[in-house]
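Below is one structure, written out as C-alpha cells, with a few remarks after it.
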Amino acid sequence: MNALCFFGGKMKIGKRFNILFFAIASVCIAIPIVLFITYDRLNELQNLRARVLKTQAEYNMLAAYPSEILSNNFKLSELNSNWQMLVSETEKEIFEIEHKKDLAGVSPEVQNDIVQLKRLWLELSVNVNRLTASYIAIEKGNYDTILKATMEASGLQKAVELSEKKTRNVSLMVNASNIATYQGALFDGKKELQVLITKINNALLESIEGFTRLVKTLGLLAAIFSSLIVFIMISIATRGIIKKIYNLQSFAKGISNKDFSIRIHIN
C-alpha cells in the first residue's frame, strides 16, 4: 500500500495532516463541552446531597426543641419565633430536595424516596402545627413575675410544677402537657426520616462517585488529544523547513560530486 494512502485513497501528506488535525481538533472541542456538562451535573448532585444531610440536621434540632424548652431555660418572647425558624428551615430544605429530584443522575428509586420524604414531612406537619399552637398560647399567656421567671430560668416543667402548687395556671399546664405528648410523634418521625435520608444519601454518593470517575476520564482524554493537536501543529509548521533542509542537503551533495577543476591543454 502506498505510504501516502489515507482512508482508502491516495492523497497528499498535507491534506492528510489537515484532515487529521481537524478531526482531533473537533474531539478536543467536544470533550470540554461534555466535561463541562458532566461537571455541572456532578456539582448539582453534590448540592442535592448537601441539602439532604442538612435536612437531617435541621429536623434533629426541630425534634429536640420541645424537650429543650420543657427542661431548659429559654426566652418567653422568642419561644414561637425560634420554633418557626426551625420549622421554616426544615420545610425549605425538604421542598427544595423534592424540587431537585428530577436531576440527571438521580435514579427512580431515589426519586421515590424523596417523594416519601416529603410525604412524611406533610404527615408530621400535623403535630408540628399543634406544637406551634401551644407555643403561641404559652407565649401570649398571663403569668405572675415568679412563674415567668421560673419558666425562663428552668423550663416549662418546673413552671408547671410551681403552678400546680400555687396559681394553677390551667392554660400553661394544658399546653405543656400537649408539648410533651406531641414531641413523641416528632421523635418517631425522626427514625423514619433517618432511614429515608440514609438511603437517599448513599444512592447520591454512589452517583457522585460515578460522575467523578467520568470527569477524571474526560480530563485525561482532553489532555491526550490536546497533546496530539500540539504535536500535529508542530509537525505541520516544521514540515516545510525540514523539506528545505533536505533539498539543501541534496543540492550540496550534488555539487560536491561535480568536478569543478579546470584543465588547461598546452599545445
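All values reported here derive from a predicted model rather than from experimental measurement.
Judged as a ring-ring contact (aromatic ring centres under 6.0 Å, His included), the pairs with a partner in residues 132-154 (not counting sequence neighbours) are, in order, Y65-Y135, W83-Y135. For residues 154-186, no residue pair satisfies the ring-ring contact (aromatic ring centres under 6.0 Å, His included) rule, not counting sequence neighbours.
Across all non-hydrogen atoms, the minimal contact from L193 to Q56 is CD2-OE1, 3.6 Å. The minimum heavy-atom distance between V106 and K100, with the atom names listed, is CG2-O, 4.5 Å. L62 approaches L186 most closely through the heavy-atom pair O-CD1, 4.1 Å.
Looking only at side-chain heavy atoms (C-beta outward), R49 and Q46 stay at 4.5 Å or farther from each other. Here the side chains of V110 and K101 are not in contact, with every heavy-atom distance at 4.5 Å or above. Using a 4.5 Å heavy-atom threshold, the side chains of E192 and L196 count as separate. The shortest side-chain heavy-atom distance between L124 and Y59 falls under the 4.5 Å cut-off. Side-chain atoms of S71 and Q157, non-hydrogen and from C-beta on, never get closer than 4.5 Å to each other. Residues E152 and N73 fail the side-chain proximity criterion, which asks for heavy atoms closer than 4.5 Å. Looking at heavy atoms from C-beta onward, L76 lies in side-chain contact with K148 at the 4.5 angstrom threshold. Proximity of L172 to M151: side-chain heavy atoms (C-beta onward) are separated by under 4.5 Å at one or more points.
Atom CG of L53 and atom CD1 of I197 lie 7.5 Å apart (nearest 0.5 Å). The OG1 atom of T132 lies 4.5 Å from the CD atom of Q84; values are rounded to the nearest 0.5 Å. The CG atom of N72 lies 10.5 Å from the CG atom of L156; values are rounded to the nearest 0.5 Å. Remark: S77 OG to N82 CG distance equals 8.5 Å, nearest 0.5 Å. For the atom pair L48 CG and I97 CD1, the distance stands at 6.5 Å (nearest 0.5 Å). Atom CG of D113 and atom CG of L117 lie 9.0 Å apart (nearest 0.5 Å).
Legend: residues meeting salt bridge (charged side-chain N to carboxylate O under 4.0 Å, His left out) with R51, ordered by chain and number and at least two apart, are E93. Residues passing the side chain to side chain donor-acceptor pair (under 3.5 Å) test with N169, sequence neighbours excluded: none. In this view, K92 and E89 satisfy the salt bridge (charged side-chain N to carboxylate O under 4.0 Å, His left out) rule, not counting sequence neighbours. Residues passing the side-chain contact (heavy atoms from CB on, under 4.5 Å) test with T198, sequence neighbours excluded: Q194, N202. When the side chain to side chain donor-acceptor pair (under 3.5 Å) test is applied to T181, no partner is found at least two apart in sequence or on another chain. Residues passing the side-chain contact (heavy atoms from CB on, under 4.5 Å) test with M85, sequence neighbours excluded: none. Take T150 and apply the side-chain contact (heavy atoms from CB on, under 4.5 Å) test, not counting sequence neighbours, and it matches I146, K158, L162. Scored by the side-chain contact (heavy atoms from CB on, under 4.5 Å) test, F95 finds E91, K118, W121, L122 as partners (sequence neighbours excluded).
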Audit row: I179, I138, side chain to side chain contact (heavy atoms under 4.5 Å, CB included) steps and yes/no: CA-CA 11 Å; I179 292 171; I138 291 174; 3.6 Å; yes
Quick one: do Q183 and L70 satisfy side chain to side chain contact (heavy atoms under 4.5 Å, CB included)? Show the steps, please. CA-CA 10 Å; Q183 74 169 342; L70 283 170; 3.8 Å; yes
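No donor-acceptor pair closer than 3.5 Å links the side chain of N112 to the backbone N or O of P108. In this structure, the side chain of S163 does not engage the main chain of A159 through any donor-acceptor pair within 3.5 Å.
Remark: N142 CG is loosely packed, at most 12 non-hydrogen atoms of other residues, nucleotides or ligands lying under 6.0 Å away.
Hydrophobic clustering, defined by side-chain heavy atoms of Ile, Leu, Val, Met, Phe, Trp and Tyr closer than 4.5 Å, leaves V126 isolated from every other such residue. Here V170 is tied into one hydrophobic group with V174, each link being a pair of ILVMFWY side chains closer than 4.5 Å.
Note: the hydrophobic cluster containing F74 also contains M61 (ILVMFWY, side chain heavy atoms under 4.5 Å, direct or indirect links). Hydrophobic clustering, with ILVMFWY side chains joined whenever heavy atoms are under 4.5 angstrom apart, keeps V160 apart from I136.
A salt bridge is defined here as a Lys NZ or Arg NE, NH1 or NH2 lying under 4.0 Å from an Asp or Glu carboxylate O, and E44 with R41 fails to meet this definition.
Side chain to side chain, N178 and R130 fail the donor-acceptor criterion of an N or O pair below 3.5 Å.
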